[in-house]
Structures are given as structure tokens and as C-alpha cells.
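FYI, side chains are in, hydrogens and waters are out, and symmetry mates aren't considered; it's all heavy atoms of this structure. Computed from a predicted structure; not experimentally measured. The first residue in the sequence is number 1, and the count goes up from there.
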Amino acid sequence: MMLFFNQNAGYTIGIDLGVNYAFGVLTDLKGNVIQQDEVVITDTDEEIVFAQLKELAQLLIDKTPACPYGLVGIGIGVPGMINNEGVILFAPNMDWHNVHLKQYMEQHFNVPITIENEAKAGAHGEKIYGAGRASSNLIYVSIGIGIGSGIIIEDKLYKGTSGISGEIGHFSIESHGRKCPCGNRGCWELYSSENALLEKTVPLFPNEKNVNLSFLIQQAENGNPQVINAFDQIGEYIGIGLTNIVNTFNPEQIIIGNRLARLEPWLRNPIQRVFKQRLLPYFQDSIALTFTDRSKNSCALGSAAFSIEKFFATNKVTVV
């Protein structure tokens with residue numbers, strides 16, 4: 001019997017929740033993006049964010065084409081520690097503790113809801129649809145307001161005992177460094193994230209009210225030496241953290257994703273410089289450094305893929 005896979009038999013929603021935005025995609029069962037939308041988050045109070053996520057999901061649901069299975073699930077990538085039950089244990093950059101987003105969404109939408117760490121979702125998206133398709137062992141490093149990672153070992157997402165592996169943004173690179181919202185001191189993300197970059201660059205523009213990543217990229221493209229130097233410093237700190245990752249996991253590939261992937265023209269050289277200074281040649285020869293070309297979509301697509309996989313796990317063709 002010849003079977004044809006009907007990718008339009010159902011649809012799923014994947015949402016990338018950031019500290020200051022939520023980006024959502026509606027995909028078919030093959031991961032093709034049908035619709036996308038984004039909302040700006042200005043207040044991280046959980047009730048306000050929950051309402052915005054509900055609104056974003058509904059906007060995408062309203063655009064879902066008619067099909068046999070309808071919407072098969074919603075996946076959401078969150079910048080925090082998520083346990084195996086989908087509870088947000090701690091999201092330091094949003095000041096969330098033991099937050100039950102899954103239950104909230106289940107009350108409003110009659111479909112399976114998957115809540116996962118945004119970097120794990122990003123790694124999953126890159127492995128299935130993006131730059132990581134050819135690698136069996138890779139580390140996806142999400143660098144935005146904070147830093148997280150998704151770890152792929154032998155083609156499988158590694159989650160750890162409780163589901164909270166990959167919190168690399170909170171390993172210490174300064175033993176007596178600044179205090180982090182997580183409670184630790186000298187955390188890597190305090191020196192290498194978008195927040196760290198803005199702390200360095202905002203004082204350079206006292207008369208500019210909106211110093212953001214797009215503004216800084218424009219300044220660098222125009223040759224501003226102070227901004228270029230700040231990018232270089234951030235790149236060195238990123239390289240130091242990545243060196244520890246390479247020494248620990250010996251991956252085939254490191255993929256840098258999220259918002260700072262846009263800075264590839266200025267980050268690649270300082271990272272490679274640190275690799276040459278600090279890594280043994282055996283590691284240097286075996287590692288590929290990639291900047292994602294899906295800086296906004298990796299997490300959303302990976303989140304959608306989790307829902308698709310759940311759907312297929314419960315709907316199978318039986319051959320008799």
C-alpha cells in the first residue's frame with residue numbers, strides 16, 4: 001500500500017517567549033511556517049505575560065486553515081528552568097518562581113501544551129530544521145538578555161535528571177564577580193549577554209533614548225570604534241565560556257543563536273582568537289562554530305516540533 005504524508009492534515013503553534021517579546025509561528029506537520037506574529041512585552045508580571053501569550057496564540061489559531069485534525073498542540077519556549085512536568089521553576093530575568101504557564105494555557109485551549117526551556121527548544125529546532133541537521137553532537141548556545149544552552153548528544157536532546165540541564169549562563173567565570181539574580185556571583189551571562197553589551201554601550205550615547213541592538217549594529221556598520229570595541233570585548237567573554245563548553249563536551253558543532261547571532265561579523269574573530277589561545281589543538285581541529293540563520297525562528301520552530309512529535313506519538317497507522 002502506498003501512503004502519502006499529508007502535511008496539511010493538522011497544524012501546530014510554536015512560541016518563543018523572550019524577556020521583552022513573544023514570537024509565534026503557525027506551522028504545518030512538516031514544520032513549514034504558515035503564519036507568524038509577534039508581540040512586545042514591556043512588563044514581566046506573569047498575569048500580564050500570560051494574557052499576551054493567550055492573545056498571540058489566539059491570533060495564530062484564527063489563521064489556521066481548515067483541516068482534518070485542526071490544531072494539534074502548542075509549544076512554548078521559556079527563558080528559565082523547566083522541570084519534566086512543564087513547571088517553570090525559576091526564570092531569573094523575568095523574576096518568575098514556580099510558575100504554572102502550562103495549566104493556564106490548558107484552561108484556555110483544548111490542545112496539548114508543551115512548555116520547555118527556550119534554548120532546548122532552539123537546539124531542537126536547529127537539529128531538525130536548521131544548521132545542526134548534519135551533526136549528531138552539538139551545543140546550541142542561546143545568547144539574548146541571558147544565556148542558555150541546548151545539548152544534543154547522539155542526535156537526542158539531553159535534559160538531565162530533572163529536565164533542567166544546560167543552564168550554562170550561570171557558571172562562574174569570575175570567582176568574586178558581580179551578584180547575579182540567580183544568587184551566584186560572576187555568572188557568564190553577566191559578561192557576555194545582550195544585557196552586558198547594553199551596560200557597556202548605553203553610556204556612550206547620553207543623548208540617545210533608544211540604544212538597542214539594532215542601533216548598535218548600525219553604529220558598528222558605520223565604523224564607530226567604541227561600539228566595535230565593545231562587540232570585541234563581549235566576543236572575548238563569549239569565547240571564554242565556549243572554551244569551557246568545548247572542553248567539557250567535545251561537540252562537533254557549536255551553534256550561536258538568539259539575538260546576538262546578529263553580531264556574527266564582529267563576534268566570530270574574537271571567539272576564534274580565544275579558541276586559539278585557550279583550546280588544545282585537538283579540540284580546535286574538530287569543532288565547527290556556526291551562527292544560526294534562524295535567529296528568531298529556532299526556538300519557535302523547536303517548540304512547534306515538540307507538539308508535532310507528541311501528536312505523532314499518539315496517532316499511528318496500524319498495518320494488519
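In the displayed structure, Arg278 atom CZ is contacted under 6.0 Å by at most 12 heavy atoms of other residues, nucleotides or ligands. Other residues, nucleotides and ligands place no more than 12 heavy atoms under 6.0 Å from the NZ atom of Lys276.
Side-chain polar atoms of Thr292 and Glu126 form a donor-acceptor pair below 3.5 angstrom. No side-chain donor-acceptor contact under 3.5 Å links Asn250 and Tyr282. Side-chain contact of Arg259 with Ser142: a donor-acceptor pair under 3.5 Å is absent, judged by distance alone.
Evaluation of the ring-ring contact (aromatic ring centres under 6.0 Å, His included) rule for Phe90 yields His97 as partners, not counting sequence neighbours. The ring-ring contact (aromatic ring centres under 6.0 Å, His included) test applied to Phe283 returns no partner, not counting sequence neighbours. Residues passing the side-chain hydrogen bond (donor to acceptor under 3.5 Å, both in side chains) test with Gln218: none are found, sequence neighbours excluded.
Between Phe215 and Phe205, the ring-plane angle classifies as perpendicular under the 30° and 60° cut-offs.
Tested against Ile256, the residues Thr290, Ile139, Leu289 include a single side-chain contact (heavy atoms from CB on, under 4.5 Å) partner, Leu289.
Under a 4.0 Å N-O distance rule, the pair Arg178/Glu199 qualifies as a salt bridge.
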Please list every donor-acceptor pair under 3.5 Å in which a side-chain atom of residues 103-111 meets a protein atom from a residue at least two apart or in another chain.
{"residue": "Glu106", "atom": "OE2", "partner": "Lys102", "partner atom": "NZ", "Å": "2.6"}
{"residue": "His108", "atom": "ND1", "partner": "Tyr104", "partner atom": "O", "Å": "2.9"}

Name the atoms and distances for all side-chain donor-acceptor pairs under 3.5 Å in residues 159-167, with sequence neighbours left out.
{"residue": "Lys159", "atom": "NZ", "partner": "Glu116", "partner atom": "OE2", "Å": "3.0"}
{"residue": "Ser165", "atom": "OG", "partner": "Tyr158", "partner atom": "O", "Å": "3.0"}
{"residue": "Ser165", "atom": "OG", "partner": "Lys159", "partner atom": "O", "Å": "3.2"}

Acceptor/donor pairs from residues 236-246 side chains to any protein atom, 3.5 angstrom cut, sequence neighbours excluded:
{"residue": "Glu236", "atom": "OE2", "partner": "Arg273", "partner atom": "NH2", "Å": "2.9"}
{"residue": "Thr243", "atom": "OG1", "partner": "Gly239", "partner atom": "O", "Å": "2.8"}

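Aromatic rings from Tyr69 and Phe311 are positioned such that their centres are separated by under 6.0 Å.
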